[in-house]
Structure formats: structure tokens, C-alpha cells
Amino acid sequence: MNESKNFLRTIVEEDLKSGKCKEVVTRFPPEPNGFPHIGHAKSIFINFGIARDYNGHCNLRMDDTNPTTEDTKYVEALKDAVEWLGYEWDGNVRFTSDYFSKIYDYAIELIKIGKAYVDSLTEEEIREYRGTVIEAGKRSKYAQRSVQENLDLFERMKNGEFQDGEHVLRAKIDMSASNMKMRDPLLYRIRHTHHFRAGDEWAVYPMYDFAHCLSDYIEGVSHSLCTLEFENNRDIYNWVLEELNLEPPRPYQYEFARLGINYTVMSKRKLLELVEGDFVKGWDDPRLPTIAGYRRKGYTPESILNFCDLVGVAKANSMVDVSQLEFCIRDDLNTKVPRVMCVLDPLKVTIANYDGSEELTASYYPDDVPKEGSRVLPFSREIYIERDDFNENPPKGYFRLTPTQSVRLKHAYIISCKEIIKDANGNITEIIAEYHPTSKSGSDTSGIKVKSAIQWVSAKEAKKVEVRLYDRLFSCEAPQGVEDINPDSLKVVKNALVEPAVITDKPDERFQFERQGYFYADPIDYTDEKPVFNKIVGLKDSWSKKSQKTKTTPKQQVKKEQIDGEVVPMTETQKALYDNYINELKLNSELSNTLARDEQLSAFYKEALNALESPVNLANIIANEVARELKEHQLSELKFTPKQIAELVKMIDDATISNKIAKQIFEEMTKSGENPKKIVEDKGLIQISDPAKISPIIDEVIAKNPDNLVKFKAGNTKLLGFFVGQVLKATGGKANPKVVNELVSLRLQSAEL
RNA sequence: UGGGGUAUCGCCAAGUGGUAAGGCAUCAGCUUUUGGUGCUGACAUUCGGGGGUUCGAAUCCCUCUACCCCAUCCA
């Protein structure tokens with residue numbers, strides 16, 4: 001688990017602490033209309049993870065309100081995904097369709113209180129009437145129907161008396177709302193379609209915005225966590241719950257950013273296009289970011305969960321680098337999986353001075369993996385090595401076999417090249433080598449030093465297998481569609497050779513093929529006659545990176561240019577006010593601008609000025625602090641008066657308190673509306689400026705932080721702020737910061753290490 | 001264009017007035033019978049830009065900019 005917690009967990013903790021909720025209940029609510037992908041995994045991780053960590057529970061709910069797109073096969077896939085990731089949902093799988101009659105009753109409730117109506121506009125008219133983002137919409141004439149008429153019509157809609165599209169049920173909210181979602185959203189539509197669970201019982205189906213909040217409420221969900229694109233829907237969510245006046249507790253919605261990963265696509269539509277266009281071989285194609293795909297490729301649930309944890313949860317749209325995912329799977333498999341040898345592109349090597357055969361014992365794990373286990377490894381005169389591991393004209397830094405460089409056969413002997421055999425075209429077909437009898441692995445007395453140990457298989461005992469090498473599906477970071485597909489995303493090696501233990505022992509279905517990567521026995525196509533392995537992920541390969549390195553173009557220092565937009569001009573009155581501030585009151589232009597442009601602020605300022613002749617300090621606190629309060633609250637809601645602010649500023653002017661304390665007092669005033677003087681008295685906040693009182697505290701702070709004193713002495717002058725902060729903290733903020741600054745500075749200069 | 005969001009290293013991401021966490025990636029060095037692993041070190045004088053407030057600002061105020069979401073009888 002990550003140490004720092006994300007904003008959702010912070011909210012949950014606060015709600016638990018404040019008693020806003022007694023128990024944490026979350027839910028994972030997919031629509032069963034597609035196969036789950038790693039984005040779902042993130043949501044599963046968040047919802048189930050939070051529930052588990054805060055001793056609550058998490059429901060699995062199928063949001064099946066649209067009968068035209070949903071199917072039970074997706075329900076199964078979704079359940080599988082949650083289980084595979086290792087989570088258990090509370091009770092049975094829930095279905096929104098189970099709540100259809102309750103939701104229907106709530107709709108009737110809404111009609112009865114005059115907050116919903118049956119609209120009979122056509123689809124086109126509804127769209128037209130909704131207006132645009134800059135123009136208000138207008139309400140349908142049907143909104144005036146009586147409660148009785150609405151009730152009657154809605155019941156007949158339910159009974160199937162009307163055709164699809166003839167009527168809809170809408171919430172009566174506000175056709176000119178700036179949030180488009182609030183312009184009388186649709187609650188119910190008519191659908192004469194067979195529902196995969198509810199059958200033909202219903203002719204009307206609730207829309208997401210009506211069904212979701214109520215389903216959450218019915219299940220007792222406390223925190224309804226969803227992705228960012230539902231931010232605008234939160235208003236309806238709250239509206240429905242509030243209008244219905246439901247018995248508490250009620251759920252609250254919070255949004256987080258979707259997961260994006262580069263070199264792949266995540267949208268249902270694009271995934272479907274890949275599958276239906278035969279660009280991949282089904283939903284579980286190992287190149288897809290679907291749960292089924294990762295699973296078939298050989299990813300472990302642990303690695304995916306760990307990935308979800310590492311990328312974190314926030315509200316910024318982001319695109320995570322695939323290398324982060326790849327790191328997670330390597331990291332997981334490294335300590336779990338046995339190492340074996342496989343040769344993908346075999347090159348025959350005949351060891352001229354070796355006769356007969358022998359059986360070597362080879363550990364399955366390297367020394368740094370704390371696991372036991374070994375297998376028998378046959379060795380003989382004829383072996384195969386990787387074609388890449390021999391080079392007649394090696395580049396600089398090449399560690400493997402060359403005409404003049406020996407190499408170790410992993411777990412066996414050191415060999416040297418004696419002769420290269422080529423065909424008519426000049427291609428190398430065989431190497432004649434010599435082995436060094438005293439160099440046997442584990443009992444090497446030869447004294448020969450080699451730079452590398454390579455994998456190999458004995459020709460007679462090796463088994464032929466198919467290996468599928470997967471690369472990223474797309475060749476660009478942010479693929480738009482099939483035109484960006486990487487043509488080499490799948491390479492099938494039909495005649496790879498593995499050592500016999502891979503087939504006969506099967507200590508695990510995942511292996512590391514030494515020096516190549518992690519591989520997984522394909523769960524579908526693997527048979528004893530024709531073994532098939534999928535490449536899960538390659539090992540980190542710093543050699544190929546180094547040898548292929550092209551000259552990196554030096555990064556251009558891009559200077560950020562300042563782009564100024566057009567500023568809205570001031571009105572006559574504002575301009576007059578501004579001039580007055582600048583010329584008469586001697587405020588700076590920034591302050592004048594802020595105050596002059598805001599009517600409430602300038603009025604507030606004027607009144608405060610009547611109480612105290614301190615234009616600059618008043619302006620500062622009003623334009624900065626009061627402005628903040630005014631952003632969040634109405635003027636009438638403020639608990640403090642201009643006169644009180646004047647009083648506060650007066651204390652700053654005569655140095656009774658520091659600016660720092662003033663902010664603290666202001667904070668208090670916004671909450672209690674108490675008089676500033678009284679707050680100062682009650683809390684004893686009078687400023688300490690006497691060096692005799694401050695000095696001992698400074699000494700103490702310095703004594704407590706010897707490390708930082710050393711750093712400061714070494715030239716880290718930023719630490720001055722640290723020491724000042726500590727001293728201020730020790731005095732409860734009461735020390736005069738200017739005095740503290742001077743004193744600390746002096747003291748630090750003269751301090752002995 | 002109205003509304004709602006977001007902006008901290010190449011990629012994620014902590015941090016909400018007092019020393020710019022961490023991970024991935026990258027680059028060095030050591031270890032290594034995997035060019036793997038492990039270990040060590042380097043990597044943001046600065047937080048989208050510009051101003052202001054403050055002894056002190058990533059954090060408070062003003063302003064500008066860029067990107068995302070909303071006008072499905074989808075979810």
C-alpha cells in the first residue's frame with residue numbers, strides 16, 4: 001500500500017470521523033454491455049479497496065437500465081474480473097433491474113409533489129427546446145399537465161399502451177439552468193424491448209440519472225465513486241435525493257479521473273472495433289487492455305492491483321506510461337517464477353571434443369530469489385544456442401560468443417568457437433566448438449573468465465514449442481484508431497526449443513525463459529502435443545538499448561511565452577473608483593483593480609474606511625482575505641462587519657499583532673463573528689517582540705535540529721525559513737516574525753557546529 | 001461562447017502559509033554464472049504564465065493561458 005492516501009480516502013476518513021456516515025459502503029456499478037478492461041480494474045481497486053480498508057463493504061451492481069445493449073455474458077465477465085482480482089462483493093450480485101418497481105414508486109412520488117411530468121414532445125423537439133450552452137432552453141407545454149393527468153399517463157406508459165418515443169417522464173427543474181444536465185432531465189423512456197433479466201415485464205425503463213442515485217440509496221451506499229465525466233450529473237443526483245426527502249443516511253457522489261495508458265485504447269467503442277474488425281483475435285487477445293486479455297497473456301492479479309495502487313487516484317486527466325505496468329508485472333514475477341532455458345532462434349553448436357552425454361542439476365531460481373527447486377538438465381555433444389548469441393564481427397562491448405571470445409553455457413561448461421560453417425549464401429549454419437572440461441558449473445577450476453552465460457538446449461532432448469511474442473498493439477502513444485495499429489504486434493515463433501523440464505515438470509504455468517522474458521502457457525491453445533507460450537513481458541534489456549542508441553537530439557529549452565488575453569474593460573464607475581484608489585488613497589494598481597471591479601468589495605472597503613483611516617492595510621486584507629470569503633459565501637452570510645475588519649487592521653497598525661496572527665484572527669471571525677479584540681484577549685495573541693523572550697526559543701530550536709544547522713552552514717540558505725517557522729510554531733505564532741527573522745539570521749551566522 | 005473540472009520533473013503523484021515526498025523512466029557506479037535482480041548515487045533553486053499580499057507563497061488574492069467534460073429517449 002502506498003503511504004500517502006488519496007483524496008477519496010481523505011474524504012472517507014473525514015466522513016467517518018465527523019459521523020456523516022457510520023459505515024463505509026461503496027459499490028462497483030458497471031453497465032453489463034462490454035468486457036471489463038484495466039480501467040474497470042482501477043474502479044474495482046478503489047471501491048473494494050476503500051471498503052476493505054475502512055471496514056465497510058462493497059457491492060457489485062449491474063447497472064442494467066438499458067435493455068437494448070446489455071447481455072448476461074457481460075455480467076459473467078464482470079463477475080469474473082472482480083473475483084480474479086481477489087475481491088468479494090457483499091451478498092449477491094445486485095441489479096438495478098431488481099429495483100425497477102421501487103424506482104417506479106419514487107417516480108410516482110415525484111409526480112405527486114409536482115416535480116415530474118409526462119412530456120409528449122418528439123425527440124427532435126426535446127433537443128431543440130433544450131437550448132444550447134449559451135442560450136436558455138424553453139419548457140414544453142406539456143409541463144403544465146395536472147398531477148392527475150401525469151399519474152394516469154405514466155401508468156399507461158408502464159402498461160405498454162404507447163409506442164416507443166411517444167412520451168417520456170421528465171423532472172421539472174429549470175430549462176435555463178447553466179448546467180445543461182439540469183434542463184428538465186429525462187427520467188423514464190418507453191422501450192418495448194426484451195430485458196435480459198426483467199424479461200418483458202416493463203415497457204418503461206429509468207434513465208441513468210434517476211436510477212443510479214436511487215439504487216445507491218436503496219443499497220445504503222455511503223460513497224458513490226465514479227469517473228470525472230459524471231461531475232455534471234452530480235447536481236441531478238443530489239436533486240432527486242433531496243426532492244424525494246428520503247430518510248437518511250443518503251449517498252454522496254465523488255469523482256476521480258479515468259485511467260489512461262499510452263500505446264493502447266480504452267474506450268468500449270474502439271475496443272469493439274478492434275475485435276469486430278478482426279484486428280485482434282477476440283476479447284481475450286493478449287494485446288488488448290481487457291482483463292481477459294491481460295489474464296490470458298499471463299499477468300497476475302497482484303501485479304494489476306499493485307499498478308492501480310502505484311498510479312494513484314486524483315482528478316487530473318492523465319496518461320500513464322505502459323512501462324509502469326510492465327514494471328509491476330516484472331516486479332511480481334521476479335520472485336515467484338522458475339527460470340528455464342528456451343532458444344527462440346536456434347543455431348546448432350557441435351562440441352567437437354565432447355562425447356556421450358550427462359545430466360546436470362540446475363536450480364530453478366537464482367541465488368537472490370529465496371525459493372528452492374531444481375531440475376535435471378541433459379547435456380550432450382550437439383546443442384542449440386540463440387543465433388543472437390554468436391557474432392562473427394562483434395560490436396564493441398559484445399559479451400557473448402565470438403571467434404575469439406569464450407562464453408559459458410548456463411549451468412554447464414565454457415565453450416570456445418573453433419570453426420564457423422556457412423551455406424552457399426554465406427549464412428552461418430553451424431558452429432564447431434570446444435568445451436573446457438574443468439569449467440563445469442559449480443566446480444570450475446579452469447580459471448577462464450567469461451563475460452556472459454547464455455541459454456542453450458541439448459539437441460536430442462529439446463522440445464519444439466510455439467512461442468507468441470507480443471508487442472504493443474499501437475505504434476503511437478495516443479492512438480486514434482485502427483490506422484495507428486502496429487503491424488508487428490504479434491510475432492509467432494513456431495520452432496522454438498525448450499529444455500525438457502519445461503514440458504514434463506510444469507512446476508508453474510509461468511516461467512522466466514532466461515535472458516528473454518516471462519512466459520505463460522496459453523490457457524486455451526496449449527496442448528501436450530503442441531505447447532504454446534505467450535510472452536508476458538520482456539526482461540529489461542540494457543544491452544539492446546545501449547547498442548541501438550541513436551544520437552539523442554538535445555532537448556530544446558522551450559521558453560514559456562507569456563500570452564495575455566484580452567482584459568474586460570472597466571465600466572465608468574469602476575474606472576472612477578480605480579482612479580480614486582490610485583490617486584487619493586495611494587493603493588497599488590493590483591489592489592485598486594481588484595477592489596474597483598467588485599461591487600461588494602468596494603462597498604465593504606468604503607465602509608471599513610469610514611471606521612479607520614488606514615487605506616492600504618485595509619485594502620490588503622479586504623482584497624485578499626475578505627475576497628476569499630465572498631467567493632464562497634454571499635455578502636449577507638458573512639459573520640463579520642467592515643467595522644470589525646477595521647478594528648483588526650488597527651491592531652496591525654499599532655503592532656499589537658502581526659500579520660500572521662491577523663490571519664488567524666480573521667479565520668476565527670469568519671466562523672464565530674466574534675470581535676477581534678476579544679479574540680486577542682481570550683487567546684492571549686499579543687505579539688512578542690522582546691528579543692530576550694525570543695532568543696531562548698531560538699537556541700532551543702537550533703539545538704533540536706543539528707542536521708539542519710549543518711546543512712545551513714553548508715550553504716542551504718533556504719533553511720532560514722525552516723528555522724523561522726519552527727520558532728514561530730514554538731511561540732504559537734505570537735513572536736514578531738520580523739524580529740525572529742533578524743535574530744535567527746544572526747544566531748545562525750554565529751552558531752558553532 | 002454559458003457552466004463544471006484540471007494544471008507540481010519525460011510519465012504518474014504527495015504536499016493547502018515555514019526544508020518541493022515517493023514510484024516509473026533515464027543516467028552513472030558496485031554486485032551478479034540472466035547485459036535480469038539487488039544495492040548506491042545523480043535527476044524540479046521551483047510548482048501553466050504574469051502581477052499582488054506576507055518576514056516567508058506550490059499553497060491566499062487578482063488576472064491571463066492551455067486541456068478535459070456537458071446540448072443521447074447511452075451509462
Side-chain angles (χ1 to χ4, degrees), chain A residues 2-4 6 31 33 63 65-66 68-69 123 126-127 130-135 137 164-165 168 177-181 183 186 188-191 207-208 212 228-233 255 257 262 310-312 314-321 323-324 327 330 334-335 339 366-369 397 399 408 410-411 441 444 450-455 512 514-516 539-544 546 555 560-567 588-591 593-594 597 620-621 623-625 627-628 658-660 663 708 711 716 718-726 728-729 736-738 740-742:
Chain A
N2 236 322
E3 263 179 60
S4 54
N6 60 56
E31 182 187 14
N33 72 343
D63 205 3
T65 56
N66 185 359
T68 57
T69 58
E123 211 174 320
I126 286 179
R127 198 172 12 252
R130 189 145 35 214
T132 68
V133 286
I134 43 168
E135 291 163 61
D164 287 11
V168 290
S178 48
N179 179 357
M180 295 295 292
K181 295 272 185 202
R183 319 251 257 228
L186 273 60
Y188 266 92
R189 79 286 218 187
I190 300 170
R191 277 279 147 89
M207 303 287 290
Y208 166 85
H212 204 90
L228 246 30
E229 66 269 29
F230 292 101
E231 275 172 327
N232 297 316
N233 301 61
E255 310 86 13
N262 59 8
L310 288 184
V311 300
K315 294 193 76 158
N317 289 315
S318 57
M319 181 82 89
V320 179
D321 202 313
S323 64
Q324 182 103 33
F327 164 80
R330 279 192 205 106
N334 178 43
T335 53
R339 322 286 142 126
D367 292 337
D368 50 288
V369 173
F399 290 172
R408 173 175 295 281
K410 178 93 183 175
H411 301 300
S441 186
D444 185 355
V450 291
K451 287 189 172 136
S452 175
I454 62 172
Q455 74 273 25
Q512 184 194 104
E514 249 176 292
R515 303 211 302 136
Q516 326 233 49
L539 258 28
K540 254 174 86 174
D541 185 357
S542 46
W543 164 245
S544 73
K546 196 180 284 177
K555 244 190 298 171
K560 280 166 188 163
E561 234 174 286
Q562 186 186 343
I563 305 158
D564 280 328
E566 218 167 291
V567 180
N588 68 31
S589 61
E590 187 66 30
L591 231 34
N593 196 41
T594 306
R597 280 175 184 276
N620 277 339
I621 207 156
N624 288 297
E625 309 301 317
R628 179 180 58 244
S658 64
N659 268 295
K660 190 183 173 76
K663 290 198 182 183
N708 281 336
K711 282 194 216 163
N716 189 347
K718 275 183 294 187
L719 256 19
L720 177 64
F722 164 76
F723 283 110
V724 172
Q726 291 300 309
L728 250 27
K729 203 171 165 187
N736 181 332
K738 269 186 200 155
V740 173
N741 246 294
E742 280 168 30

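Predicted, not measured: the structure shown is a model, and the values here were computed from it. Proteins get letters first, then strands, A, B, ... in listed order; numbering begins at 1 in each.
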Which is true for A:G397 with a 4.0 Å heavy-atom rule: it touches a base, it touches only sugar-phosphate, or it touches nothing? base
Taking atom P in both B:rU72 and B:rA58, compute the distance separating them and give it to the nearest angstrom. 44 Å
Span that lies between the C1' atom of B:rG17 and that of B:rC55, in whole angstrom: 12 Å
So, for A:P737 and A:S658, which heavy atoms are closest and what is the spacing to 0.1 Å? CD-CB, 3.8 Å
Minimal heavy-atom distance between A:N262 and A:M319, with the atoms involved, is N-SD, 3.7 Å
Supply the atom-to-atom distance A:Q455 CD to A:E514 CD, rounded to the nearest 0.5 angstrom. 7.5 Å
Quick one, A:K410 with A:R339, criterion side-chain contact (heavy atoms from CB on, under 4.5 Å). Give me CA distance, side-chain angles, the key distance, then yes/no. CA-CA 11 Å; A:K410 178 93 183 175; A:R339 322 286 142 126; over 6 Å; no
Atom P, compared across B:rU8 and B:rG50: separation rounded to whole Å: 15 Å
Measuring only the C1' atom in each nucleotide, how far is B:rA44 from B:rA14? A whole number of Å is fine. 14 Å
When you compare the protein's N or O atoms with those of nucleotides 54-56 of chain B, which come within less than 3.5 Å of each other, and at what distance?
residue : atom : partner : partner atom : Å
B:rC55  : O2   : A:N741  : ND2          : 2.5

Contact class for A:D321 vs. all strands (heavy atom < 4.0 Å): base, sugar-phosphate, or nothing? sugar-phosphate
In whole Å, measure the gap between the P atoms of B:rG56 and B:rA20 for me. 16 Å
Restricting to side chain to side chain contact (heavy atoms under 4.5 Å, CB included), what partner residues turn up for A:K451, sequence neighbours left out? A:F399, A:Q405
So what does A:T594 touch, heavy atoms closer than 4.0 Å: a base, only the sugar-phosphate, or nothing? sugar-phosphate
Rounded to the nearest Å, what distance is computed from the CG atom of residue A:L719 to the C1' atom of nucleotide B:rU19? 5 Å
Minimum heavy-atom separation for A:Y208 to A:T65, with atom names? N-OG1, 4.5 Å
Using the rule for Phe, Tyr, His and the six-membered ring of Trp, do A:F399 and B:rG35 stack at under 5.5 Å and under 30°? yes
Indicate yes or no: at least one non-hydrogen side-chain atom of A:N620 is less than 4.5 angstrom from one of A:N659. no
Write out a two-atom table: protein N or O, nucleotide N or O from nucleotides 41-46 of chain B, distance below 3.5 Å.
residue : atom : partner : partner atom : Å
B:rU46  : O4   : A:K718  : NZ           : 2.8

Backbone N or O of A:Q324 within a donor-acceptor pair of the A:D321 side chain at under 3.5 Å? no
Given Watson-Crick and G-U pairs under 3.5 Å, RNA chain B in dot-bracket ([ ] crossing, | other strand) is .(((((((.[[[..)..(...]]].(((((.......))))).....[[[[[..)....]]]]])))))).....
Give the rounded distance in Å between these two atoms: CZ of A:R408 and C1' of B:rG35. 17 Å
For A:D444, which residues count as a side chain to side chain donor-acceptor pair (under 3.5 Å) partner, sequence neighbours excluded? A:R408, A:S446
In whole angstrom, what separates A:D541's CG from B:rU37's C1'? 14 Å
Candidate nucleotides B:rG23, B:rU37, B:rU34, ranked by approach to the side chain of A:Q324 - the nearest: B:rG23
Between A:N588 and B:rU53, does any side-chain N or O lie under 4.0 Å from OP1 or OP2? yes
Determine the Euclidean distance between corresponding C1' atoms of B:rU33 and B:rC43; express it in Å to zero decimal places. 33 Å
5'-most contact on RNA chain B: A:K451 or A:V320, nearest heavy atom basis? A:V320
Between B:rU54 and B:rG49, how far is it from one P atom to the other, in whole Å? 23 Å
How many whole angstroms separate atom CG of A:D367 from atom P of B:rC39? 16 Å
Euclidean distance, A:M207 CE relative to A:H212 NE2, rounded to 0.5 Å: 14.5 Å
Can you measure A:K315 atom NZ to B:rA14 atom P for me and round it to whole angstrom units? 12 Å
Syn if the chi torsion is within 90° of 0, anti otherwise; quick check, which is B:rU72? syn
On RNA chain B, does the nearest nucleotide to A:M319 precede the nearest nucleotide to A:I134 from the 5' side, or the other way round? Give the residue. A:I134
Please classify the nucleic acid contact of A:Q512 as base, sugar-phosphate, or nothing, using heavy-atom distances under 4.0 Å. base
Would you mind reporting whether A:N66 and A:R189 have side-chain heavy atoms less than 4.5 Å apart? yes
Nearest non-hydrogen partners of A:S452 and A:R515, listed with the distance: OG-NH1, 4.4 Å
I'd like to know if A:N708 reaches the base of B:rU19 with its side chain, counting only an N/O donor and acceptor under 3.5 Å. yes
Atom P, compared across B:rU45 and B:rG22: separation rounded to whole Å: 16 Å
Might you work through the side-chain contact (heavy atoms from CB on, under 4.5 Å) test for A:N624 and A:T594, ending with a clear yes or no? CA-CA 9 Å; A:N624 288 297; A:T594 306; over 6 Å; no
I want to check something: taking the side chain as every heavy atom from C-beta on, are A:T69 and A:E31 in contact at a cut-off of under 4.5 Å? yes
Taking it one step at a time, do A:N232 and A:M180 satisfy side-chain contact (heavy atoms from CB on, under 4.5 Å)? CA-CA 8 Å; A:N232 297 316; A:M180 295 295 292; over 6 Å; no
To the nearest angstrom, the CD-P distance between A:E590 and B:rC60 comes to 16 Å
In B/S/- notation, 5' to 3', how is nucleotides 64-75 of chain B contacted by protein heavy atoms closer than 4.0 Å? SS--SBSBSBSB
Euclidean distance, atom CZ of residue A:R597 to atom C1' of B:rC61 [Å, nearest integer]: 15 Å
Separation of atom CD1 in A:I454 from atom C1' in B:rG36, rounded to whole Å: 16 Å
Could you tell me if the side chain of A:L539 sits less than 4.5 Å from the side chain of A:Q512, heavy atoms only? yes
